[in-house]
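The next block holds one structure in the form of structure tokens; read it before the comments.
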Number of protein chains: 2
Amino acid sequence: MPVTLGPIEKPRKQPIQARSTATVEAILDATVQVLIAEGKDRLTTTRIAHRAGVSVGTLYQYFPNRRSLLQATLRRKLVTVTEAIEAACLEHRGERLSAIVEGVALAFFRAKMRDAASSLALYAVSSDVDGLRIAEELRLRSGAALAEALESAPERLSVPTKEAVFAIQAALSGMSRTLLETRMPVRDHATVQRNLVVMLCSYIQAVRAVDALQAVAVPRARQ
Amino acid sequence: MPVTLGPIEKPRKQPIQARSTATVEAILDATVQVLIAEGKDRLTTTRIAHRAGVSVGTLYQYFPNRRSLLQATLRRKLVTVTEAIEAACLEHRGERLSAIVEGVALAFFRAKMRDAASSLALYAVSSDVDGLRIAEELRLRSGAALAEALESAPERLSVPTKEAVFAIQAALSGMSRTLLETRMPVRDHATVQRNLVVMLCSYIQAVRAVDALQAVAVPRARQ
DNA sequence: TCCAAACCTGAAGCTTCCTTCATCTAAACA
DNA sequence: TGTTTAGATGAAGGAAGCTTCAGGTTTGGA
């Protein structure tokens with residue numbers, strides 16, 4: 001996969017007056033709305049602008065191209081989730097490992113499922129827009145917060161913190177993504193969430209330093 | 001997101017002679033190759049045909065449109081992984097829960113990581129092509145196999161099999177996707193894989209019928 | 001009140017790519 | 001060897017959407 005670095009993007013006008021700040025927000029909102037209502041195939045700049053109540057020209061005054069608009073939209077959503085995780089990490093600092101993990105998992109889920117439709121819709125554009133870079137950046141950010149939180153716990157881990165953080169993040173994002181993508185009815189979300197918490201908590205117990213081998217027989221990976 | 005059902009697709013020529021069967025395979029292979037080498041933005045029908053050593057016209061004799069070609073390519077990959085899971089489920093029938101889970105997890109990983117580049121590349125086109133439908137279909141298929149395997153174990157679960165299956169599938173796909181997307185060096189794969197197996201095995205222990213509460217204090221999900 | 005800066009407009013140019021189809025070649029078969 | 005059917009070709013039609021830019025409107029301050 002080629003790294004579409006994109007040349008240094010032409011700088012665009014920064015919103016100065018209140019009017020234009022509102023315009024930019026309206027454009028970002030409209031992007032999500034069109035995406036949800038019409039799907040990525042009909043997510044054209046003209047349609048977005050129209051929905052935002054402005055003309056295409058205006059759109060191009062704040063975003064150098066379609067791509068950067070979608071990136072900004074995606075980033076806005078991911079930042080929200082990241083901040084929710086960071087807040088949970090702070091809130092549970094110093095607590096027991098499983099309390100931290102549970103707190104973070106629940107916070108993550110809440111943030112991701114608030115406005116589930118937009119979370120789902122944005123998955124679809126991510127690959128058009130190098131969403132992986134953005135996701136990676138934010139994964140590192142929330143990963144740092146989680147690592148810090150885990151190390152503030154009274155217990156030790158028997159595996160490197162990095163490994164545990166990766167495993168937890170992967171399970172979290174995988175579970176929420178699968179949940180959204182299968183369009184599971186909302187009333188079942190609580191059940192899935194409970195299973196996820198069980199999974200993460202029993203994992204973190206299993207990799208606690210002292211009694212890891214006692215709590216669960218850790219299987220060696222073959223091969 | 002609108003359901004792009006696509007009208008009933010015009011039936012195309014079925015390969016009859018050996019020559020044309022080879023052509024179809026070459027086109028599918030070329031699709032993956034172009035995708036990996038040039039990225040989804042340059043994945044044009046002309047380029048695919050050229051890489052396959054045929055002309056565009058030939059391509060359109062076997063696929064009614066670009067979309068169906070990409071779907072076929074995606075499906076071919078996912079079917080491989082699904083079959084690996086099914087095989088593992090059969091192989092471990094009747095064993096202990098954690099043995100089944102471990103066996104399936106390892107089989108899944110092996111299948112997914114064999115030719116990791118194509119797995120990663122195909123994620124990118126999935127959303128252009130209603131890949132969710134295909135993924136969902138195959139998720140159900142491998143889910144059925146896994147459910148059957150879990151119920152063949154000597155132990156019982158304290159949660160509905162469906163729930164456990166969903167949780168395991170979600171964690172598996174999430175972990176492998178995250179692994180691929182972060183482009184983690186291959187030498188670290190084993191470590192991640194080991195953590196995943198620990199996570200899944202300790203989960204399945206936690207939701208065993210008898211001593212679920214003893215092995216791990218199952219936290220109640222708040223809210 | 002008037003000017004300059006900020007902001008907005010939208011028709012049309014431009015590029016890109018999918019898809020078709022009239023025509024040609026190769027294979028099977030009598 | 002002649003005929004029929006399968007398979008292959010690729011130039012060109014057509015549709016679609018991104019982006020620009022020349023010119024209009026609004027705002028804030030002098």
Side-chain angles (χ1 to χ4, degrees), chain A residues 2 4 6-28 30-31 34-35 38-73 124-125 128-130, chain B residues 2 4 6-28 30-31 34-35 38-73 124-125 128-130:
Chain A
T4 315
I8 302 96
E9 303 213 322
K10 295 163 264 176
R12 284 291 147 121
K13 199 176 294 182
Q14 289 292 101
I16 294 179
Q17 304 174 358
R19 175 166 57 140
S20 57
T21 306
T23 298
V24 170
E25 276 303 302
I27 291 171
L28 291 174
T31 303
V34 172
L35 185 56
E38 313 223 26
K40 68 176 283 193
D41 292 340
R42 296 172 61 82
L43 188 66
T44 66
T45 49
T46 307
R47 209 168 263 121
I48 292 170
H50 181 258
R51 176 110 193 193
V54 299
S55 73
V56 233
T58 298
L59 189 157
Y60 278 91
Q61 233 153 11
Y62 300 102
F63 301 95
N65 49 49
R66 187 185 114 110
R67 181 189 181 81
S68 75
L69 166 59
L70 298 188
Q71 286 179 327
T73 309
V125 295
D128 293 332
V129 144
D130 203 7
Chain B
T4 314
I8 302 97
E9 303 212 321
K10 295 164 264 176
R12 285 290 147 123
K13 200 176 293 183
Q14 288 293 101
I16 294 178
Q17 304 175 0
R19 174 167 57 138
S20 57
T21 306
T23 298
V24 170
E25 277 303 303
I27 291 171
L28 291 175
T31 303
V34 171
L35 185 56
E38 313 223 26
K40 67 175 283 191
D41 291 340
R42 296 172 63 82
L43 188 67
T44 66
T45 50
T46 308
R47 209 168 263 123
I48 292 170
H50 182 257
R51 176 109 194 193
V54 298
S55 73
V56 232
T58 297
L59 189 158
Y60 277 91
Q61 233 150 12
Y62 300 103
F63 300 94
N65 48 50
R66 187 184 114 108
R67 182 188 181 81
S68 76
L69 166 59
L70 298 189
Q71 287 181 327
T73 308
V125 296
D128 292 331
V129 143
D130 203 8

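Residue numbers start from 1 in every chain, and the chains themselves are labelled A, B, ... in the order their sequence lines are given, proteins ahead of strands.
Between B:Q61 atom CD and C:dT23 atom P there is a gap of 16 Å when expressed in whole angstrom units. With rounding to whole Å, A:R67 atom CZ is found 17 Å from D:dG17 atom C1'. Counting to the nearest Å, the P atom of D:dA8 and the CG atom of B:L59 are 11 Å from each other. For the pair B:E38 CD and C:dC17 P, the interatomic distance rounds to 11 Å; values are reported in whole Å. To the nearest angstrom, P of D:dA16 lies 18 Å from CG of B:D128. Between A:R66 atom CZ and C:dT16 atom P the separation is 16 Å, expressed in whole Å. As a whole-Å value, the separation of A:L43 CG from D:dC18 C1' is 13 Å. B:I48 has its CD1 atom 12 Å from the C1' atom of C:dC17, to the nearest Å.
Take the nearest nucleotide of DNA chain D for A:G57 and for B:S20: the residue whose nucleotide is more 5' is B:S20.
A sub-4.0 Å separation between OP1 or OP2 of D:dT20 and a side-chain N or O of A:Y60 is absent. Residue B:S55 has no polar side-chain atom (N or O) positioned under 4.0 Å from OP1 or OP2 of D:dG10. OP1 or OP2 of C:dC17 has not a single side-chain nitrogen or oxygen of B:T44 nearer than 4.0 Å. For D:dT19, the OP1/OP2 oxygens have no side-chain nitrogen or oxygen of A:T45 closer than 4.0 Å. Close to D:dA8, at under 4.0 Å from its OP1 or OP2, lies a side-chain N or O of B:T23. OP1 or OP2 of D:dT9 lies within a sub-4.0 Å distance of a side-chain N or O belonging to B:T58.
Looking at heavy atoms from C-beta onward, A:T23 lies out of side-chain contact with A:Q61 at the 4.5 angstrom threshold. At least one side-chain heavy atom of B:F63 sits under 4.5 Å from a side-chain heavy atom of B:L28.
Considering only the side chain of B:V56, D:dA11 comes nearest among D:dA11, C:dA11, D:dG7.
Of all non-hydrogen atoms in B:D128 and B:K40, the two that sit nearest each other are OD2-NZ, 2.8 Å.
Within the 4.0 angstrom heavy-atom criterion, only backbone atoms of the sugar-phosphate kind lie near B:Y62; the bases stay farther away.
Of the possible donor and acceptor atoms, none in the side chain of B:R66 sits under 3.5 Å from a partner among the backbone N and O of B:T45.
Here A:I48 contributes atom CD1 and A:L43 contributes atom CG; the two are 4.0 Å apart, rounded to the nearest 0.5 Å.
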